[in-house]
J.: 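First, the structure itself, so that you have it in front of you.
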2 protein chains.
Amino acid sequence: MGLSKTASFSTEQNRIAELAKALAHPARVAIVQYLLKAEACICGDLVDALPLSQSTVSQHLKALKTAGIITGSVEPPKVCYCLNITVLKEFNSAFGEMFSRCC
Amino acid sequence: MGLSKTASFSTEQNRIAELAKALAHPARVAIVQYLLKAEACICGDLVDALPLSQSTVSQHLKALKTAGIITGSVEPPKVCYCLNITVLKEFNSAFGEMFSRCC
DNA sequence: ACCGTTCATCGTAATATTGCGATAAGTTTC
DNA sequence: GAAACTTATCGCAATATTACGATGAACGGT
């Protein structure tokens with residue numbers, strides 16, 4: 001059916017999957033890496049930095065925003081994108097907790 | 001088009017995205033958690049543990065195997081699934097490297 | 001008021017994912 | 001060999017994702 005049976009799994013499992021899905025595309029990985037390297041908020045040079053059209057980049061940014069990984073603040077005429085450190089820590093602890101035992 | 005422009009991104013970015021995609025579904029998160037909790041190889045109780053049909057579980061297992069996160073060894077009449085510690089370490093270092101600077 | 005710049009959204013098309021039942025493939029046991 | 005058990009694969013349908021061009025919304029400067 002193509003329907004993810006979200007309701008059948010725990011909130012934690014769904015959240016981990018949501019965070020993973022946000023990074024499940026190389027363009028979104030590239031965006032996050034770009035923001036990390038800049039160590040600052042970036043006022044939308046991302047379209048130039050990526051081999052994708054403006055509308056596609058905007059869609060990927062929306063996906064990252066929905067997952068909470070980045071935030072965007074309007075700074076006319078541009079929009080500044082920042083990594084959300086709180087959610088990155090959540091990401092680290094979620095996956096760290098999973099794998100700390102074995103690795 | 002729905003085509004991921006894989007060739008436009010670095011090998012590292014594609015690999016990170018591939019690993020993330022493997023955990024981008026709550027069922028696959030549940031499978032990995034189950035294997036972690038068991039701290040051993042599991043001979044296919046997974047279908048009982050998940051609210052999904054046998055064929056669907058088999059598909060998710062295939063996805064995890066393709067990404068290298070688990071391995072399956074035939075132990076007739078069952079198949080034993082194990083976490084691949086090497087790839088879990090790869091996972092940890094890939095994401096740890098990304099986020100260590102900021103968190 | 002009119003541009004130009006920047007970004008989001010809409011509409012569309014191609015492809016991928018998710019899920020299940022049915023069926024096939026591989027063993028062991030009888 | 002036949003039957004039982006376990007897992008993989010096929011075929012299908014519903015939905016999601018990816019990508020782009022075109023258009024729209026918001027703002028600043030002229």
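Below, chains carry the letters A, B, ... as their sequence lines are ordered, and counting in each starts from 1. Values reported hereafter were calculated over all heavy atoms of this structure, with side chains retained and with hydrogens, waters and symmetry mates removed.
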J.: Between the base of D:dA8 and the side chain of B:Q54, is there any donor-acceptor pair under 3.5 Å?
T.: yes
J.: One thing to verify: whether A:E12 and A:R15 come together as a salt bridge, which I'm taking to mean a side-chain N less than 4.0 angstrom from a carboxylate O.
T.: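 A:E12 and A:R15: not salt-bridged.
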J.: Measure the CG-CG distance between B:N14 and B:L19 for me, rounded to the nearest 0.5 Å.
T.: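 Separation between the atoms: 11.0 Å.
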J.: From C-beta outward on B:S55, which listed nucleotide comes closest to its side chain: D:dT9, D:dA19, C:dG19?
T.: D:dT9
J.: Tell me whether the OP1 or OP2 atom of C:dT17 has a side-chain N or O from B:H60 closer than 4.0 Å.
T.: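 Answer is no, no contact under 4.0 Å.
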J.: Classify the ring geometry of A:H25 against B:F9: parallel below 30°, tilted from 30° to 60°, perpendicular beyond 60°.
T.: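 Aromatic pair A:H25/B:F9 classed perpendicular.
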J.: If you only use heavy atoms from C-beta on, which nucleotide in C:dT6, D:dC20, D:dT18 is closest to the side chain of A:L52?
T.: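 It is D:dC20.
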J.: Which whole-number value in Å describes the distance from B:Y81 OH to D:dT7 P?
T.: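 Taking atom P of D:dT7 as the reference, OH of B:Y81 is at 6 Å.
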J.: For B:C43 and B:Q59, take the nucleotide of DNA chain D holding the closest heavy atom to each; which residue's nucleotide lies nearer the 5' end?
T.: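 Checking each residue's closest nucleotide, the 5'-ward one belongs to B:C43.
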J.: Figure out the CD1/P separation between B:I31 and D:dT7, and round it to whole Å.
T.: 12 Å
J.: Could you state the CD-P distance from A:E75 to D:dA26, rounded to the nearest angstrom?
T.: 18 Å
J.: For the residue pair A:S53 and A:T56, confirm or rule out a side-chain donor-acceptor distance under 3.5 Å.
T.: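 A donor-acceptor contact under 3.5 Å links the two side chains.
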J.: It should be assessed whether the SG atoms of B:C80 and B:C41 lie less than 2.5 angstrom apart.
T.: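 A disulfide is absent here, as the SG pair of B:C80 and B:C41 is separated by 2.5 Å or more.
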J.: Under 4.0 Å: is that the gap between some side-chain N or O of B:S58 and OP1 or OP2 of D:dT7?
T.: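 It does not, given that no N or O in the side chain of B:S58 lies less than 4.0 Å from OP1 or OP2 of D:dT7.
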J.: What's the CG-P distance between A:L23 and D:dT18, to the nearest Å?
T.: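 Going from A:L23 (CG) to D:dT18 (P), I get 12 Å.
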J.: Whole Å only: how far is the CG atom of A:L50 from the C1' atom of C:dC7?
T.: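 In whole Å, C:dC7 C1' and A:L50 CG are 15 Å from each other.
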J.: Could you give the CZ-to-C1' distance, from A:F9 to C:dT18, as a whole number of Å?
T.: 11 Å
J.: Just the rounded figure in Å: distance from P of C:dA16 to NZ of B:K21.
T.: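 One finds 9 Å between P of C:dA16 and NZ of B:K21, rounded.
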J.: Toward the 5' end of DNA chain C, which comes first, B:H25 or A:T56, by nearest nucleotide?
T.: A:T56
J.: In whole angstroms, how far is the C1' atom of D:dT18 from the CG atom of A:L61?
T.: 14 Å
J.: Check whether any side-chain nitrogen or oxygen of A:K78 sits under 4.0 Å from OP1 or OP2 of D:dC27, and answer yes or no.
T.: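 Looking at the OP1 and OP2 atoms of D:dC27, neither is under 4.0 Å from any side-chain N or O of A:K78.
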J.: Does B:K62 or A:A27 map to a spot on DNA chain D nearer the 5' end, using the closest nucleotide for each?
T.: B:K62
J.: Report the residue (A:K65 or A:T6) whose heavy-atom-nearest nucleotide on DNA chain C is the more 5′ of the two.
T.: A:K65
J.: Look at the side chain of B:S53 against the base of C:dG19 and say whether a donor-acceptor pair falls under 3.5 Å; ignore hydrogens and angles.
T.: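 Side chain to base: no pair below 3.5 Å.
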